[in-house]
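Heads up: numbering here begins at 1 and tracks the sequence. For ligands, and for the atoms within them, numbers begin at 1 and follow the listed sequence.
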Amino acid sequence: MSDKRAIGVFDSGLGGLTVVKELLKTLPNEDIIYFGDTGRVPYGTRSVETIKKYARQDERFLLSRDVKLIVAACGTVSSVASDTADELPVPFFEVVSHAAKAAVEATKNGKIAVIGTNATVKSRQHEKQILKLMPNALVLNQSCTLFVPLVEEGWYSADDIVVLETVSRYLKPVFEFGADTLILGCTHYPILSEAISKILGDGVTLINAGTAIAEAIKQYLTENDIQNNEVSGQHSFYVSDKPDSFVKQASILLGREIDSNNVQKVDINNL
Ligand code: DGL
């Protein structure tokens, strides 16, 4: 059997493209419909109630495009609003549990640090998932509030002094804690990977939830025999504001030219 419907992915902005990048590598035949809530980013500084409201609207939009499964490529939604998916008629994938599993598999000294938005860190979801799998793990949680605006502004080069200084300030506690594994608990953060590794050194393994979740989705599609067996790979992008800047940034982040005809603006508030 084959299911030609697309995989739906949403995020608060363009950070979720780090997950799309991994999906493109792992599942090149699949069509992808991406929604980035560029008009309401960031989610991570908002109340749980508001994040849930936004997540429900994002999920409703993807359902209206007839997707076969939904991926919350947003650490914040995955941490505090996963229950919005309880009544979805299609399978739902969140990034937290996959990142926690990958971190537990990677750590040698049992010291795992988690960085994320304020809402993600406050929820302690990563820590809860890690301790379920490795009860004696030591977990440090650190919010990195300025990372998202930096990335959205296009400032992520590992040669940029402002980027390095910001990363270094936020990651000082991680360095002092002696973590050998760091979960990039926000989907914007893999974009800063090079700068983060420059500050922490090669001894710290960075966990990109996108890699872990792409493998899990591949397995799910195969086990349930709902992969797209035809070579298709069509990608459509929707945003809630500024499609032009999205085209520019997305092309850089995905490392491939995005056709502006494939990026459309939607009125998410009406869903
Ligand atoms: N993409 C969001 C996340 O993964 C971060 C940006 C935001 O605060 O909305 O947590």
Side-chain angles (χ1 to χ4, degrees), residues 8-23 34-59 61-62 70-82 84-85 92-100 102-103 113-127 129 141-156 166-167 170 182-193 196 206-214 237-242 245-246 249-250 253-254 268:
V9 182
F10 74 94
D11 179 56
S12 56
L14 42 87
L17 293 173
T18 59
V19 174
V20 171
K21 195 171 182 180
E22 299 304 321
L23 289 172
Y34 181 86
F35 173 70
D37 202 355
T38 49
R40 302 191 297 196
V41 67
Y43 283 10
T45 48
R46 298 182 194 273
S47 68
V48 170
E49 198 191 348
T50 301
I51 298 166
K52 285 189 184 192
K53 179 179 139 195
Y54 289 177
R56 281 195 190 94
Q57 289 173 319
D58 302 346
E59 288 155 6
F61 169 70
L62 289 174
I70 291 181
V71 182
C74 176
T76 307
V77 169
S78 299
S79 296
V80 306
S82 274
T84 57
F92 176 80
F93 286 78
E94 47 73 36
V95 284
V96 172
S97 56
H98 298 284
V114 181
I115 54 173
T117 62
N118 288 344
T120 297
V121 164
K122 201 162 153 224
S123 78
R124 307 242 156 177
Q125 267 311 317
H126 289 89
E127 181 169 353
Q129 300 282 345
N141 298 282
Q142 169 76 37
S143 60
C144 301
T145 317
L146 289 181
F147 283 10
V148 170
L150 269 185
V151 169
E152 296 273 332
E153 192 62 25
W155 294 10
Y156 37 76
T166 311
V167 168
Y170 278 114
L182 174 68
I183 295 183
L184 307 174
C186 164
T187 37
H188 282 62
Y189 297 178
I191 298 162
L192 291 165
S193 286
I196 292 173
L206 306 188
I207 303 296
N208 174 354
T211 321
I213 207 171
F237 301 88
Y238 296 86
V239 292
S240 49
D241 204 7
K242 291 170 65 181
S245 18
F246 183 87
Q249 289 295 345
L253 296 179
L254 291 177
I268 197 72

Parallel, tilted or perpendicular for [X] and [Y], by the 30°/60° rule?
X: Tyr189; Y: Phe147; value: perpendicular
X: Phe246; Y: Phe237; value: tilted
X: Phe61; Y: Phe35; value: tilted

Quick test: of every protein heavy atom, which one is nearest to [atom], and how far off is it to 0.1 Å?
atom: atom 6 (C) of ligand 1; answer: Ser12 OG, 3.3 Å
atom: atom 1 (N) of ligand 1; answer: Asp11 OD1, 2.7 Å
atom: atom 5 (C) of ligand 1; answer: Cys186 SG, 3.2 Å
atom: atom 4 (O) of ligand 1; answer: Gly75 N, 2.6 Å

Counting from 1, what ligand 1 atoms have a heavy atom of [X] closer than 4.0 Å?
X: Thr117; value: 5 (C), 8 (O), 10 (O)
X: Val148; value: 5 (C), 6 (C)
X: Gly44; value: 7 (C), 8 (O), 9 (O)

Aromatic Tyr54 / basic Arg46 pairing, under 6.0 angstrom, 45° off normal: no

Ignoring hydrogens and geometry, is there a side-chain-to-backbone donor-acceptor pair from Thr84 to Lys52 under 3.5 Å?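 No, Thr84 side chain to Lys52 backbone: no donor-acceptor pair under 3.5 Å.
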
Below 4.0 Å from ligand 1: does a non-hydrogen atom of Gly13 turn up there or not?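 Distance cut 4.0 Å: Gly13 fails for ligand 1.
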
Among Thr76, Val96, Thr145, Thr120, closest by heavy atom to atom 10 (O) of ligand 1 is Thr76

